[in-house]
Amino acid sequence: AIRVTQSPSSLSVSPGDRVTITCRASQDIRSYLAWYQQKSGKAPELLVYAASTLQSGVPSRFSGSGSSTDFTLTISRLQSEDFATYYCQQYYNYPRTFGQGTKLEIK
Amino acid sequence: QVQLVQSGAEVKRPGASVKVSCKASGYTFVGYGIGWVRQVPGQGFEWMGWVNTFSGDPHFEGMFQGRVTVNTDTSTRTVDMELRSLTVDDTAIYYCARFDGTGSYLDYWGQGTLATVSS
């Protein structure tokens with residue numbers, strides 16, 4: 001199975017900050033990567049697919065980049081509703097595999 | 001709007017079975033696959049498998065094969081996933097999620113069903 005390593009595991013940040021989360025795949029997955037946001041006690045929501053395409057309705061302060069093995073999710077100016085845990089997931093092949101998550105906490 | 005509504009929380013004994021239902025609405029049901037993912041509370045996600053809602057064919061990972069049965073009912077737009085021979089390690093939140101139109105990523109998720117296995 002493709003290993004997906006996400007970093008950092010947690011981040012202490014303030015509203016208005018710029019946040020960057022990194023995801024690394026153990027092999028070339030081209031652009032077959034998605035990012036999800038999960039708020040406490042809720043189901044995940046799709047933010048980005050194909051590494052850089054924003055899902056409909058997702059605010060433009062979110063952006064994704066990267067290809068092959070290295071990917072990033074950036075939140076340009078953090079808002080209060082963005083405090084959550086973020087996961088990347090590869091869909092190059094089966095089994096689909098997820099990063100371990102990055103939890104954004106209020107500083 | 002696309003919605004996936006799952007059945008409620010379950011508590012089971014080791015060795016028992018649990019069935020999680022996933023009812024879809026707001027889109028053409030047979031046009032999109034349904035994936036199953038589980039999450040131990042407070043931890044990451046584990047991919048279980050998926051079902052082709054048009055053919056009803058399931059595709060589950062090795063560790064679940066032989067323990068999972070999936071039933072797709074196109075008339076009620078429901079997918080039922082039954083996991084048998086439960087152990088405490090199966091305690092998790094079980095999610096169904098819709099594949100996008102290309103069968104790639106998961107674009108809409110159910111609210112999750114907590115299954116607790118305890119003696």
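This structure is a prediction, so every number in the text was calculated from the model and none was measured. Each chain gets a letter, A, B and so on, in the order the sequences are listed, and its residues count up from 1. The figures here come from the full heavy-atom set of this structure, side chains too, leaving out hydrogens, waters and symmetry mates.
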Any idea which heavy atoms bring [X] and [Y] closest together, and the distance?
X: A:A43; Y: B:W109; result: CB-CB, 4.1 Å
X: A:K42; Y: B:Y95; result: O-OH, 3.5 Å
X: B:F45; Y: A:Q38; result: CZ-OE1, 3.5 Å
X: B:W47; Y: A:R96; result: CB-O, 3.1 Å

Output a table of donor-acceptor pairs, distance under 3.5 Å, between side-chain atoms of residues 98-107 of chain A and any protein atom two or more places apart or on a different chain; print 'none' if there are none.
{"residue": "A:Q100", "atom": "OE1", "partner": "A:Q6", "partner atom": "N", "Å": "3.0"}
{"residue": "A:T102", "atom": "OG1", "partner": "A:Q6", "partner atom": "NE2", "Å": "3.1"}
{"residue": "A:T102", "atom": "OG1", "partner": "A:P8", "partner atom": "O", "Å": "2.5"}

Would one find more than 12 heavy atoms of other residues, nucleotides or ligands at under 6.0 Å from atom [atom1] of [X]?
X: A:R61; atom1: CZ; value: yes
X: A:R77; atom1: CZ; value: no
X: A:E45; atom1: CD; value: no

Given that the side chain runs from C-beta out, which part of [X] has a heavy atom under 4.5 Å from chain A: side chain, backbone, both or neither?
X: B:Q39; result: side chain
X: B:F60; result: neither
X: B:E61; result: side chain

[X], [Y]: one ILVMFWY side-chain cluster at the under-4.5 Å cut-off?
X: B:L4; Y: B:F54; value: yes
X: B:L86; Y: B:M48; value: yes
X: B:F64; Y: B:F99; value: no
X: B:M63; Y: B:V117; value: yes

(request) Before giving the answer on side-chain contact (heavy atoms from CB on, under 4.5 Å), spell out for B:D100 and A:Y49 the whole-Å C-alpha distance, their side-chain angles and the decisive distance to 0.1 Å. (result) CA-CA 10 Å; B:D100 77 294; A:Y49 61 92; over 6 Å; no
(request) Dump the intermediate steps for side-chain contact (heavy atoms from CB on, under 4.5 Å) on B:L106 and A:Y36, then the final yes or no. (result) CA-CA 9 Å; B:L106 301 169; A:Y36 300 90; 3.6 Å; yes
(message) Return the OH to CG distance between B:Y105 and A:L33, rounded to the nearest 0.5 Å.
(response)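 The CG atom of A:L33 is 12.5 Å from OH of B:Y105, to the nearest 0.5 Å.
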(message) To the closest 0.5 Å, what do you measure between CD (B:E46) and OG1 (A:T97)?
(response)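 Between atom CD of B:E46 and atom OG1 of A:T97 there are 11.5 Å.
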(message) Between B:G110, B:S104, B:G112, who has the most heavy-atom pairs with chain A when the cutoff is under 4.5 Å?
(response)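 Of the candidates given, the most pairs with chain A belong to B:S104.
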